[in-house]
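The structure under discussion appears below in the form of structure tokens.
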Amino acid sequence: MNLTNLFDLSLIARRAEPALEFSARTFSFGELDIRSNKLANLLAARGFQRGDRLCVYLSNCVELIDLYVACVKLGVIFVPINILYREREIAHILADAEPKAIISATSLSTVSTSSSITSINPADLTAAAAHFSDKRPQIPLDGDAPAALVYTSGTTGTSKGAILTHNNFAANALNLVACWQISSADRFLLALPLFHVHALGNGLHCWMLAGCRMRLLERFEHQRASDEFLAFRPTLFFGVPTIYVRLLDIAPADAQQIGRQMRLFVSGSAPLPAQILEEFRALFGHTILERYGMTETLMNLSNPYIGERRPGSVGFPLPGVSLRLLDAAHNPVPDGETGEVYLRGPNIFAGYWRREQATSEAFHDGYFRTGDLATRSEDGYYTLSGRKSDLIISGGFNIYPREIEEFLQEQPEIAEAAVVSAPDRVRGEVPIAYVVAKNAFNPADIERRCRDKLASFKVPRQFITVEKLPRNALGKIQKHLLPRK
Ligand code: MLC
Ligand code: AMP
């Protein structure tokens with residue numbers, strides 16, 4: 001089966017039911033089906049064929065959902081781009097994915113210099129689609145067809161496109177719908193960005209499979225969160241830990257009311273501190289269910305829906321997911337000892353886009369190497385204990401220090417730079433930079449240039465000047481020896 005077959009459980013079977021609320025408008029599943037059919041016919045008329053890529057640079061909106069469903073129906077590969085990315089970051093994805101077009105609400109100079117990529121405004125697209133047939137295009141696709149190419153911030157500084165197939169998304173959503181008991185009776189509030197797999201793979205696909213009513217927010221705004229919850233009365237909510245920290249600011253009476261309507265709060269994408277889980281439980285009367293995933297693998301482990309949701313732990317491997325916890329020599333580690341997580345299952349991606357070498361290096365004996373470290377308790381609960389790479393996760397957004405270091409080193413005042421993580425109560429981690437200056441150095445100036453060229457969450461919160469960076473005998477920077485802030 002492909003995803004269209006699964007989506008039809010809602011698009012066709014629940015045609016008349018309310019499906020989506022966005023910005024004071026409500027759409028039924030039937031309306032969404034027709035909107036995406038028209039869009040698919042328009043894309044086909046513009047020459048899009050199975051396997052072509054379409055980049056989408058949008059914050060959450062109905063058009064983004066229409067585009068995804070249209071791509072699924074056509075077999076076009078959907079390539080979401082983080083709306084916080086700036087031209088420098090977008091340019092890399094465009095060059096790598098070679099899309100036929102990019103859908104963007106703003107004009108991009110990167111695109112105007114490339115003759116082969118068209119930039120299309122989403123409002124123009126929707127207006128043009130209205131003139132096309134609402135008949136579904138019939139494109140035969142099996143489950144191994146790629147559905148999306150999602151760029152991960154690669155450890156080497158440049159990001160790689162993870163190829164996620166129809167089967168990957170289907171296996172993931174079927175697991176979550178079953179294990180978290182999601183049904184058409186749920187009311188789902190989605191405030192996470194659809195350009196990442198948390199909202200796309202889990203949010204959109206579980207909603208489509210279960211056929212529940214979803215209210216989509218353009219983004220999570222902590223000042224408005226309480227009102228949104230109270231007005232919509234959701235039963236289901238997915239968040240990153242930063243969102244749960246923000247929700248702790250809600251007044252106790254409101255929090256209790258929100259808690260009474262709610263069935264399930266899920267957290268993932270970054271570690272949820274046990275302290276936050278406890279504070280949240282006291283305020284809302286709910287134990288957040290923590291799960292662990294990755295762009296390349298979608299969801300891997302989850303605490304149980306029925307049974308103990310253990311603070312600090314990510315629970316057990318989901319159905320169909322095989323996990324190996326291995327030491328550096330690839331030997332299994334005993335319970336209680338730290339090993340690296342290797343995974344196999346129908347959720348694991350098909351490889352990195354046009355990077356055979358990187359793909360083969362990412363697997364060992366058929367298992368995907370995650371770079372995440374974990375321990376297993378005697379009763380089978382897994383707890384993540386760190387990462388092998390120096391990845392920083394800030395508010396659920398990934399930052400690879402190397403990318404920021406490369407940018408800083410391009411600045412004429414800077415000889416060398418090392419970017420590391422500093423703890424932050426709200427965002428979990430934030431990046432800070434140690435720099436060796438060549439000449440007079442104004443941190444505010446450098447910060448402005450970073451803001452101009454990099455996504456806001458990558459901008460170092462502090463620039464600390466040092467005489468030199470600590471290095472080992474081989475010349476490698478020893479970040480652990482930098483003074484911690
Ligand atoms: C954040 N910002 C946004 C934005 N989200 N801007 C536009 N659109 C969005 N969707 C910017 C703000 O402008 C601001 O920039 C900064 O980020 C922080 O904003 P804030 O208002 O202070 O937000 P805050 O309350 O801190 O919450 C931030 C957040 C955001 C939680 C809403 O970090 C977020 O959406 N995180 C989710 C990321 C995610 O979905 N990750 C999943 C990856 S998949 P400035 O300039 O002030 O800094 C994955 C696999 C898995 O990891 O397991 O799921
Ligand atoms: P991404 O590349 O954006 O998909 O981020 C994936 C990474 O997020 C994983 O490799 C983990 O390091 C981290 N992650 C996801 N969920 C959790 C969690 N529940 N606890 C700790 N880390 C997590």
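Here the structure is a predicted model, which means the values were calculated and not measured. All residue numbers in this chain count up from 1 along the given sequence.
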So Phe78 and Tyr68, would you call those rings parallel, tilted or perpendicular, with 30° and 60° as cut-offs?
perpendicular
Is there side-chain contact between Asn347 and Met299, with at least one heavy-atom pair below 4.5 Å?
no
Nearest 0.5 Å, what's the CZ-CG distance between Arg344 and Asp365?
8.0 Å
With a 6.0 Å cut-off on the ring centroids, do His330 and Tyr367 count as close?
no
Taken to the nearest 0.5 Å, the spacing of Thr235 OG1 from Leu264 CG works out to 8.5 Å
N-O pairing of Arg86 and Glu89 below 4.0 Å:
no
I need the minimum non-hydrogen distance between Thr152 and Ala162, along with the two atoms involved.
CG2-CB, 4.4 Å
Residue from Arg187, Arg215, Arg219 passing salt bridge (charged side-chain N to carboxylate O under 4.0 Å, His left out) with Glu228
Arg215
Starting at CZ of Phe463, measure out to SG of Cys450 and round the result to the nearest 0.5 Å.
4.0 Å
Quick check, are the ring centers of Tyr382 and Tyr292 under 6.0 angstrom apart?
no
Close aromatic pair by centroid cut-off 6.0 Å: Phe316 and Tyr381:
yes
Ring centres under 6.0 angstrom apart (Phe238, Phe188):
yes
Could you check whether Arg427 and Ser394, counting side-chain N and O atoms only, form a donor-acceptor pair closer than 3.5 Å?
no
Heavy-atom side-chain contact between Asp390 and Val420 under 4.5 Å:
no
Return the orientation label for the Phe397 and His196 ring planes: parallel under 30°, perpendicular over 60°, tilted otherwise.
tilted
Between Leu11 and Met208, is there a side-chain heavy-atom distance shorter than 4.5 Å?
yes
Contact check, side chains of Pro193 and Ile83, non-hydrogen atoms, under 4.5 Å:
no
Find out whether Glu290 and Arg309 are in side-chain contact, i.e. whether some heavy atom of one side chain is under 4.5 Å from a heavy atom of the other.
no
Approximate separation, where rounding is to 0.5 Å, of Thr338 OG1 and Asp327 CG
11.5 Å
For Leu384 against Ala374, the heavy-atom pair lying closest together:
CD2-CB, 4.0 Å
At what distance, to the nearest 0.5 angstrom, does CG of Leu54 lie from CG of Leu149?
11.5 Å
Taking all atoms of both residues into account, what is the closest heavy-atom pair of Pro401 and Lys479, and its distance?
CB-NZ, 3.5 Å
Electrostatic pair Glu429-Arg387, nearest N-O below 4.0 angstrom
yes
Within the distance-only criterion (no hydrogens, no angle test), does the side chain of Asn300 pair as donor or acceptor with the backbone N or O of Leu318 below 3.5 angstrom?
no
Answer yes or no on whether Lys458 is positioned over the face of Tyr85, meaning its NZ or CZ is under 6.0 Å from the six-membered ring centre and within 45° of the axis.
yes
Rounded to the nearest 0.5 Å, what separation is found between the CZ atom of Phe220 and the CG atom of Leu192?
9.5 Å
With a 4.5 Å heavy-atom cut-off, do Lys73 and Ile139 have their side chains touching?
no
